[in-house]
Amino acid sequence: MEISGKLNLHGKIAIVTGGARGIGAAICRALAREGCDIAVADVLDTSETEAAIRGYGVKALGVRTNVTDRQQVAALVEKTIETFGRVDILVNDAGTLGRSDLEGTTDQLWERDTGVILRGTYLCAQAVYPHMKAQGGGKIVNVASISGKIGGAVSKAGESPEAMRGRSGPAYAAAKGGVIAFTKWVAKDGGRYGIYANAVCPGPVSSEMTQGFDYGVENQPIARMGEPEDIAEAVVFLASNAANFITGQALNVDGGLVMD
C-alpha cells in the first residue's frame, strides 16, 4: 500500500454516475481539472458535462446508463475499459429525492429512491470490483447524505403540509443510510486488494433538487447553502493519493450541521 502523497490524478480514469448536472457535473469538472479522463453516466444528456471535461484537456466519454439496470451498468464499465483501458475511480452520485411523509410514500417512490441510490451504488461497485482487483486497487467514492446518518429533519408539532414539502422522505433516508453501511462493507473487504471505499455526506446543497425549499441554514456554523463544488472537492480528495490512509469513512460536507 502506498502512503499518502500529493493530490495527483493525472492519467487516472474515472466513472461518475449522475454526471449530467448538479453535484455529479461538478465532480466531473473537478476530477478533469486534476487530470482525469472521465466516463460520464446518466439517463440525461451528458454532452454539456463532456464539453466541460474536454475543456481541461482530458478525454470524456458519455454513456447513457440507468444504474438500476445490471446490463446497462455492465455495458458502462465495459465501454469505459474498452475506451480508456482501466477504471481507477468510481464515483456513485446518481440519485433521486422523494419528498413525502411515511403515509404518503408509495411503493413506486420507495423503489425508485432505493433503486437508483442503493441498488445503483451496489451494481456499479460490483461491476468495477473485479477490474480494480486485477489492476491492484482503486478508489470508490459514494455520495450519501447526512439524511443517511440522522434520518432527515425533525417533524414539528403542528407543522403544515406545505412546510413538510422541504423534507426528504423516508425512502431517501433509508437508501442513503444503506449506502453508508455498504461503503463500510466494501472498505473492509477491499483493503486487501488496494481498493478504498469512502462516502461523502452532503447537507443542504444548491441544486435543481433543492430549489424553492428553506433549509434553515442560518442555524449552521457555516451559515450558507452548500454548492456542488463544495462536495466535488471532498470527492477529489478521497479519490486521490492524498487519502491513502482513509477508508470506510462517511465524511460530512454540510457546513457543520452534523458533527460526529
Side-chain angles (χ1 to χ4, degrees), residues 6-69 71-97 116-117 120-121 123-125 127-128 131-132 138-145 200 202 204-212 225-242 253:
K6 293 182 179 179
L7 198 159
N8 182 2
L9 294 175
H10 285 277
K12 299 291 186 181
I13 309 301
I15 293 174
V16 180
T17 72
R21 63 184 183 183
I23 292 173
I27 291 169
C28 288
R29 294 191 299 270
L31 289 171
R33 182 199 68 213
E34 299 300 329
C36 279
D37 296 326
I38 304 170
V40 188
D42 210 307
V43 293
L44 303 175
D45 177 49
T46 61
S47 58
E48 186 174 339
T49 302
E50 292 174 60
I53 290 168
R54 295 188 183 107
Y56 289 97
V58 294
K59 298 175 183 177
L61 170 69
V63 185
R64 190 170 292 272
T65 309
N66 177 348
V67 296
T68 70
D69 186 297
Q71 291 184 333
Q72 290 188 39
V73 169
L76 163 66
V77 175
E78 289 170 8
K79 183 66 174 177
T80 302
I81 292 173
E82 177 185 313
T83 303
F84 297 124
R86 57 189 290 125
V87 180
D88 300 296
I89 298 162
L90 168 66
V91 181
N92 284 305
D93 175 66
T96 55
L97 173 54
V116 175
I117 295 168
T121 296
L123 288 178
C124 291
V128 303
H131 301 286
M132 287 185 172
K139 297 287 181 83
I140 298 173
V141 185
N142 300 321
V143 179
S145 168
V200 293
V205 173
S206 296
S207 70
E208 290 186 23
M209 285 185 175
T210 60
Q211 286 180 1
M225 288 287 285
E227 295 296 334
E229 290 75 17
D230 291 313
I231 314 306
E233 297 303 331
V235 171
V236 168
F237 166 68
L238 290 172
S240 77
N241 288 338
V253 189

* **Rounded distance [0.5 Å steps], CG in Asp88 versus OG in Ser240** => 12.5 Å
* **Close side-chain approach of Ile140 and Met132, heavy atoms under 4.5 Å** => yes
* Begin from the C-alpha positions of Val40 and Val16 and carry the test side chain to side chain contact (heavy atoms under 4.5 Å, CB included) through to its verdict. => CA-CA 5 Å; Val40 188; Val16 180; 5.6 Å; no
* To do: Verify, without hydrogens or angle tests, whether Asn142 (side chain) and Ala144 (backbone) share a donor-acceptor contact under 3.5 angstrom.
  => no
* Short question: side chain of Lys12, backbone of Gly35 - any donor-acceptor pair under 3.5 Å? -> no
* **Lys/Arg N to Asp/Glu carboxylate O, Arg29 vs Glu229, below 4.0 Å** => yes
* Would you say the side-chain atoms of Asp37 pair up with the backbone N or O of Ile13, donor to acceptor, closer than 3.5 Å? -> no
* Asked: Are the side chains of Thr49 and Ile38 in touch, meaning some heavy atoms are under 4.5 Å apart?
  -> no
* **Any side-chain heavy-atom pair of Ile53 and Val58 under 4.5 Å** => yes
* How far does CD1 of Ile23 sit from SG of Cys28, to the nearest 0.5 angstrom? -> 12.0 Å
* Search all heavy atoms of Ala20 against all heavy atoms of Leu44 and return the closest pair with its distance. => CB-CB, 3.9 Å
* From Ile15 atom CD1 to Asn92 atom CG, the distance as rounded to the nearest 0.5 Å -> 9.0 Å
* Could you tell me whether a side-chain N or O of Glu50 sits under 3.5 Å from a main-chain N or O of Ala60, the two making a donor and an acceptor? => no
* Taking all atoms of both residues into account, what is the closest heavy-atom pair of Leu123 and Val67, and its distance? -> CD1-O, 3.4 Å
* If every non-hydrogen atom of Ala232 is compared with every non-hydrogen atom of Ala30, which pair is closest and at what distance? -> CB-CB, 4.0 Å
* Taking all non-hydrogen atoms of both residues, which atom of Asp69 and which atom of Gln71 are closest, and how far apart? -> OD1-N, 2.9 Å
* More than 12 heavy atoms of other residues, nucleotides or ligands under 6.0 Å from CD of Glu48: is that the case? -> no
* Close side-chain approach of Val205 to Asp230, heavy-atom, < 4.5 Å -> no
* So, Thr65 side chain and Val63 main chain: donor-acceptor pair closer than 3.5 Å or not? -> yes
* Asked: Are Cys124 and Thr17 close enough that some pair of their side-chain heavy atoms sits under 4.5 Å apart?
  -> yes
* Structure fact -> Between the CD atom in Gln72 and the NZ atom in Lys79, the distance rounded to the nearest 0.5 Å is 14.5 Å
* To do: Measure across Ala41 and Leu76 and return the closest heavy-atom pair with its distance rounded to 0.1 Å.
  => CB-CD2, 3.7 Å
* Where the side chain of Arg54 meets the backbone of Lys59, is there a donor-acceptor pair that is under 3.5 Å apart? -> no
* Asked: To the nearest 0.5 Å, how far apart are NZ in Lys139 and CG in Leu90?
  -> 13.0 Å
* Asked: Looking at side-chain heavy atoms only, is the closest gap between Asp93 and Ile231 below 4.5 Å?
  -> no
* **Gap separating the CZ atom of Phe84 from the SG atom of Cys36, nearest 0.5 angstrom** => 10.5 Å
* Minimum-distance pair of heavy atoms, taken over all atoms of Thr96 and Ile117 -> O-CD1, 3.3 Å
